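Each remark here refers to the structure printed beneath this line.
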Number of protein chains: 2
Amino acid sequence: MPRNRRPQDREEKRAEIVVAATTLFTDSGYDETSMSKVATAAGVTTNTIYWYFDDKDALLVAVLDYVLEAALADAALEPERPWGEQILWAVDRLDQYRRLVTVVHAKTATSPVVEAWHNGFHTLVDTLLVDGFRRVGIPESDLVPMAAIGTFVVEGLLMHPHAVKDRRVIVQTLVASRP
Amino acid sequence: MPRNRRPQDREEKRAEIVVAATTLFTDSGYDETSMSKVATAAGVTTNTIYWYFDDKDALLVAVLDYVLEAALADAALEPERPWGEQILWAVDRLDQYRRLVTVVHAKTATSPVVEAWHNGFHTLVDTLLVDGFRRVGIPESDLVPMAAIGTFVVEGLLMHPHAVKDRRVIVQTLVASRP
DNA sequence: ACCTTATCTTGACTGGCGTTCAAGAAGTTT
DNA sequence: AAACTTCTTGAACGCCAGTCAAGATAAGGT
């Protein structure tokens, strides 16, 4: 039976570290942020971080879970809108995590834990996109490739800076196109 | 006036280092390849690499130039084919450089020299895609957003493993779609 | 009250990394 | 053969992710 010091203290402290890491990873970049910088920002020592997280990759995954959960919660509050506007909202909302997008793809090749998160993320995005394209009348036989194209466009917009106006044109072209 | 030891020795040795780095970067990854591993593979010491390249980023750019030039030379030898087949050929040809694609996007945020290469690359790809989509009858007003979508699809296919059959379906859906 | 036990924190350390520096070897020009 | 440029190298530096063993803290059992 567990003999925790304080039952929820652990999760609180863990969350503090994740918050500190999120700011640093998104603003300065993952590779550019050392564990000691995260530690200082969170008011602990580097070794303490290693008590809560296996390694730096695990901390990255915790950050990814954190920002994704927050974005999904925001999305749930948004009113119903046309399909194109929904995609644009998502791109706008996730734009602040641009640097995380690139680093996830780079680390997926070498870090199993990041790869697992990446797989789960794509599964989620895929179901959302299939539903969206179905709503605008894409035939059932084309839903799978269209969802893939949609994913690539969203990721592409996040990984490459575009003016808001250009984003709009690209997304409108995407949702307006028919086989 | 130049007083070279041997006029072209320099370029030869530089090329040897680039070839060694290309294999290691594409097979093992950029971050996972230390300068000393490149040096050993090229039969020199790490310091010698720094005589030919400013830093590791500059070596990466040299590798990118090298593989892109080779791919473009190959493309020039290919016979004329339908637009969709041309895109699929490019994805097949570049698939071996998957790991370079992800690392370029990740390093673009922090390395000016990689960012510059990335910008040039996108300019090149954009003109190729605009021409291709024009050939299949996309109206002039939609060429720019379609080229952007095409770029994102190609990059997406390179960054995410897909069965050859799935690639085909996605690209065919892309080139068949009309506003 | 005391001892045990699990949870948490830390200082000191390790091996490897990218990069720099000063010194030297090798070839070319004068 | 002296001077100068080009190339190569051994040794070192500061920083990094990650490890280890020792200690601090609070709860449970007796």
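All values reported here derive from a predicted model rather than from experimental measurement.
When ring centroids are compared, Phe152(B) and Phe152(A) stay outside the 6.0 Å threshold.
Only Thr48(A), Trp51(A), Tyr52(A), listed by number, bring a heavy atom of residues 48-62 of chain A to less than 4.0 angstrom from any atom of DNA chain C. For the segment residues 20-40 of chain B, residues with any heavy atom less than 4.0 angstrom from an atom of DNA chain C are, sorted by number, Thr33(B), Ser34(B), Met35(B).
By the side chain to side chain donor-acceptor pair (under 3.5 Å) test, Thr46(B) pairs with no residue at all, sequence neighbours left out. Partners of Arg167(B) under the salt bridge (charged side-chain N to carboxylate O under 4.0 Å, His left out) rule, at least two apart in sequence or in another chain, are Asp92(B), Asp95(B). Among residues two or more places apart in sequence or in another chain, the side chain to side chain contact (heavy atoms under 4.5 Å, CB included) test is passed with Ser177(B) by Ser177(A), Met146(B).
Within the 3.5 Å criterion, the main-chain N or O of Gly156(B) finds a donor-acceptor partner in the side chain of His160(B).
At dT6(D), none of the side-chain N or O atoms of Lys13(B) fall inside 4.0 Å of OP1 or OP2 (strictly under the cut-off). Taking only side-chain nitrogens and oxygens, Arg10(A) comes nearer than 4.0 Å to OP1 or OP2 of dC8(C).
Checked against Lys107(B) for a salt bridge (charged side-chain N to carboxylate O under 4.0 Å, His left out), the options Asp31(B), Asp57(B), Asp55(B) give a single hit: Asp57(B).
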Name every donor-acceptor pair, under 3.5 Å, that has one atom in a side chain of residues 68-81 of chain A and the other anywhere in the protein, sequence neighbours excluded.
from     : atom 1 : to       : atom 2 : distance (Å)
Asp74(A) : OD2    : Arg93(A) : NH1    : 3.3
Glu78(A) : OE1    : Arg81(A) : NH1    : 3.2
Glu78(A) : OE2    : Trp89(A) : NE1    : 3.4

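Stacking of Lys56(B) on the aromatic ring of Tyr30(B) is recorded, both the 6.0 Å distance cut-off and the 45° axial limit being met.
As rounded to whole Å, 14 Å separates atom P of dT9(C) from atom CZ of Arg14(A).
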